[in-house]
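Since the structure comes first, as structure tokens, the remarks are kept for the end.
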Amino acid sequence: METKNENSDVSRAEEMKNQANEAFKGHKFSNAIDLYTKAIELNGNNAVYWANRAFAHTKLEEYGSAIQDASKAIEIDPKYSKGYYRRGAAYLAMGKFKDALKDFQQVKRICPNDPDAARKLKECEKAVMKMKFEEAISAPVSERRSVAESIDYHTIEVEPQYSGARIEGEEVTLEFVKQMMEDFKNQKTLHKRYAYQIVLKTRQILQALPSLVDISVPNGKHFTVCGDVHGQFYDLLNIFELNGLPSEENPYLFNGDFVDRGSFSVEIILTLFAFKCMSPSSIYLARGNHESKSMNKIYGFEGEVRSKLSEKFVDLFAEVFCYLPLAHVINEKIFVVHGGLFSVDGVKLSDIRAIDRFCEPPEEGLMCELLWSDPQPLPGRGPSKRGVGLSFGGDVTKRFLEDNNLDLVVRSHEVKDEGYEVDHDGKLITVFSAPNYCDQEKKTLCFKTKRNHFVMDALGGFWGLNGFNHRRKKNNSSGDRRNQRKSGSSDSVDVSRDAAGYQFPLKQAVTAGALTFTGDTIAQLSGRWKKRAAALKQSSSGKPDQEELWNLFSEHDWVRALRMSTYGFLLYGPGSYAWYQYLDRSLPKPTATNIVLKVLLNQVILGPSVIAVIFAWNNLWLGKISELGNKYQKDALPTLLYGFRFWVPVSILNFWVVPLQARVAFMSMGSVFWNFYLSSTLSN
């Protein structure tokens, strides 16, 4: 009997693993972790389950959990190469090259012909050699000279042919910042003289600030806190477009992680620094865990700076990042920090002010925890899923707020599907402002506050600005339950890195369904009204009576209306939205060339696809699927060619002006007008 139960558990565990693999392939990494956990609970002696969960944790940047799970896989099966590979990949992502090197050497011994392991091994060997070389030639900290002190931007000449933004004299003006942003938008670079001037002046401003900055928001005024933007310059422009540029009347706090991941980190940091130079009290900047040498080396900023500016700028930015404050307090009530709280109770605001922040972040202590820690749903404290800092519960948050007479913690550091998350009984809010982080489309959220009133604003959503009072609306989701686990990450699923997960776009589907239903209803009423009007001209009264008006509605073809609305809901809304997402990912820069390419692709691919699908859908409903071939042959090409005169200009507006979330609505509305245009120019 016991053997039978064991076999049943093994079978169910395999079923859970297979479901987890499918979730992983769909980029639903949190769901995959939950399913792998169920498989482990049923059969904890299978090394594959632990290694797979390690891979999923790695995808969520939960490297500490990944290392724990991979280590467990190795403990179960010391000859399981993927256990070492997963752990080595997690160490590599954390910049722990020596630890990663040991694991990839073991993979090479077990699988000497694995090309990917050989590549990772070579990468680690180069990184370790570089570290040793840098350590050998580096001067003691006390003898190191500031990079900034060796730069005099006044001696750098600006070539006559340079046509970009210019700083006249020593003051950074709003006109300059606007011109610089426009240049960045058009893929132009800023002259190095002005880049040096901005960074050096920002350094001077930041150097004078304490590690904990107090901010006062006067009565009746507002203040906006933005989370991670991670090099997504066009999303930053979207925030400014919707919420206004930084000014004395519209101040911002950007809460760390300005750089890395995205392709426009240089543009982001120069823009934020320029606003800081222009008006220091209009914009506040906090340090995140990505404002550090080790992270910039791994996640792209260092290479981007070297490519767009110079090697000296790499060292200059690293130095200036050390001057960024670690936290802010708004109106003595709201504590704003990039990461989270501490491994010990009793930390006072005065302790944070006393931190010597002018260094690279250490691997432990208050400064490390401010930049790296995360909230967890369970009370108390636990190990960090990232491998740095810790996880802290609602009781820790409550005691910290009480000890310092505060009301709320606002932090960033974690991507959230809705752009925000409210935890710890409404006492902690996470804000994340990079909607396309790691190719996952999320909402852009900022936190706004007035004295005694806290509001979250969704920037860039379909309906524009959507607010809510966090004291009334609390997050009812289960939260990130994987914080409860001490283990975690996965990489043993054989899946393409480019496989995209899918979530049904309900808002776009409902919008398309409603508009197609409305358009068809209006078209039917219009057609019947024209016939009635022609008949009335021949009658004696010449005016419609009440019965005639009633007949307009009583003769309505509701089946046809349902056919059109289901087409909009099931096919056009989701399909066109996926197409627009694909175009934006493939051609992200809003240049004239990209807009032209999008319009052409829209006409060549989406246009024929829509015609093919709607013809098939109509014939299927009418029971005339056998006539579909003749329908295509007779009507498809004329309809497509005739439509170019209307849809080309509409598509230009769609890609040039309309944001992604609103494009389905805009094009569906265009379809309504197009149907009327057809009905007035073509015979049935």
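A salt bridge links D345 to R381: at least one charged side-chain nitrogen sits closer than 4.0 Å to a carboxylate oxygen. A salt bridge does not link D351 with K348: none of the charged nitrogens is closer than 4.0 Å to a carboxylate oxygen. Contact check on E414 versus R411 returns a salt bridge, with a Lys/Arg side-chain nitrogen under 4.0 Å from an Asp/Glu carboxylate oxygen. Ion pair E75/K72 flagged as a salt bridge, since at least one NZ, NE, NH1 or NH2 atom sits closer than 4.0 Å to an Asp/Glu carboxylate oxygen. At a threshold of 4.0 Å, the pair K25-E22 counts as salt-bridged, since one of the basic side-chain nitrogens sits closer than that to a carboxylate oxygen. Classification of K108 and D114 as a salt-bridged pair fails, no side-chain N sitting under 4.0 Å from a carboxylate O. Of the charged side-chain nitrogens involved, none lies within less than 4.0 Å of a carboxylate oxygen, so that E41 and K38 do not count as a salt-bridged pair.
A donor-acceptor pair under 3.5 Å is absent between the side-chain atoms of D395 and the main chain of L378, judged by distance alone. In terms of modelled atom types and a separation under 3.5 Å, the side chain of E304 and the main chain of S265 share a donor-acceptor contact. For the pair Y299 (side chain) and A93 (backbone), a donor-acceptor distance under 3.5 Å is present. When atom types are taken as modelled, the side chain of H413 and the backbone of G340 share no donor-acceptor pair closer than 3.5 angstrom. In this structure a side-chain-to-backbone donor-acceptor pair under 3.5 Å is missing from S391 to P375. Judged purely by atom type and a 3.5 angstrom limit, W617 uses its side chain to pair as donor or acceptor with the backbone of R563. Of the possible polar contacts, none joining the S81 side chain to the C111 backbone as a donor-acceptor pair under 3.5 Å is found. Side-chain atoms of S292 come within 3.5 Å of backbone atoms of N289 as a donor-acceptor pair (strictly under, hydrogens ignored). When atom types are taken as modelled, the side chain of H290 and the backbone of D260 share no donor-acceptor pair closer than 3.5 angstrom. The backbone N or O of E364 lies less than 3.5 Å from no partner atom in the side chain of E369, so there is not a single donor-acceptor pair.
In this structure the side chain of D77 never reaches within 4.5 angstrom of the side chain of V48, judged on heavy atoms. Taking the side chain as every heavy atom from C-beta outward, D257 and V229 never approach each other to under 4.5 Å. No side-chain heavy atom of F335 sits under 4.5 Å from any side-chain heavy atom of V410. The shortest side-chain heavy-atom distance between K102 and Q106 does not fall under the 4.5 Å cut-off. Two residues are said to be in side-chain contact when any heavy atoms from C-beta on lie closer than 4.5 Å; N46 and E14 meet this criterion. Side chains of C226 and I239 form a contact here, defined as non-hydrogen atoms less than 4.5 Å apart. At a threshold of 4.5 Å between non-hydrogen side-chain atoms, the residues L571 and I614 do not count as touching. Counting heavy atoms from C-beta outward, C368 and V388 have side chains that approach closer than 4.5 Å.
With rounding to the nearest 0.5 angstrom, the OG atom of S30 is 7.0 Å from the CD atom of E62. Between atom CG of residue L341 and atom CZ of residue R399 there is a gap of 10.5 Å, rounded to the nearest 0.5 Å. Expressed to the nearest 0.5 Å, how far CG of D423 lies from CD1 of I429 amounts to 9.5 Å. Note that CG of L390 and CD of Q376 are 8.0 Å apart. Values are rounded to the nearest 0.5 Å. Here CG of D228 is found 12.5 Å from CG of D235. Values are rounded to the nearest 0.5 Å. Once rounded to the nearest 0.5 Å, the distance linking OH of Y577 with CD of Q508 reads 4.5 Å.
Checked options Y84, Y91, Y85, F97; the residue passing with F104 is Y85 (criterion: ring pair (Phe, Tyr, Trp, His ring centres under 6.0 Å)). Only one option out of S384, S373, S343 pairs with F392 in a side chain to side chain contact (heavy atoms under 4.5 Å, CB included); it is S373.
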- For I110 and Y80, what are the C-alpha separation, side-chain angles and deciding distance, and is it a side chain to side chain contact (heavy atoms under 4.5 Å, CB included)? CA-CA 8 Å; I110 298 172; Y80 184 51; over 6 Å; no
- Task: Output, in order, the C-alpha distance, side-chain angles, deciding distance and verdict of side chain to side chain contact (heavy atoms under 4.5 Å, CB included) for L428 and L408.
- Result: CA-CA 6 Å; L428 183 143; L408 180 70; 5.8 Å; no
- Task: Starting from the C-alpha separation in whole Å, work towards a yes-or-no answer on side chain to side chain contact (heavy atoms under 4.5 Å, CB included) for M16 and Y36.
- Result: CA-CA 7 Å; M16 288 296 171; Y36 286 133; over 6 Å; no
- Hey, mind stepping through Q105 and R109 against side chain to side chain contact (heavy atoms under 4.5 Å, CB included) and telling me if it holds? CA-CA 6 Å; Q105 286 172 337; R109 281 192 285 269; 4.2 Å; yes
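Here the shortest heavy-atom pairing between V225 and V431 reads O-CG1, 4.2 Å. Taking all atoms of both residues into account, the shortest heavy-atom contact from I355 to L326 is CG2-CD1, 3.7 Å. The two residues I334 and L406 come nearest to each other via the heavy atoms N-CD2, 4.3 Å. Between R386 and D374 the shortest heavy-atom distance is NE-OD2, 2.6 Å. Between R287 and P361, the shortest heavy-atom contact is NH2-CD, 3.4 Å. Between T430 and S412, the shortest heavy-atom contact is CG2-O, 3.5 Å.
Checked against the 6.0 Å centroid criterion, the rings of F264 and Y234 qualify as a close aromatic pair. Separation of the F258 and F301 ring centroids does not fall under the 6.0 Å cut-off.
A donor atom on one side chain and an acceptor atom on the other are not found under 3.5 Å apart for D69 and Y49.
Other residues, nucleotides and ligands place more than 12 heavy atoms under 6.0 Å from the CD atom of E360.
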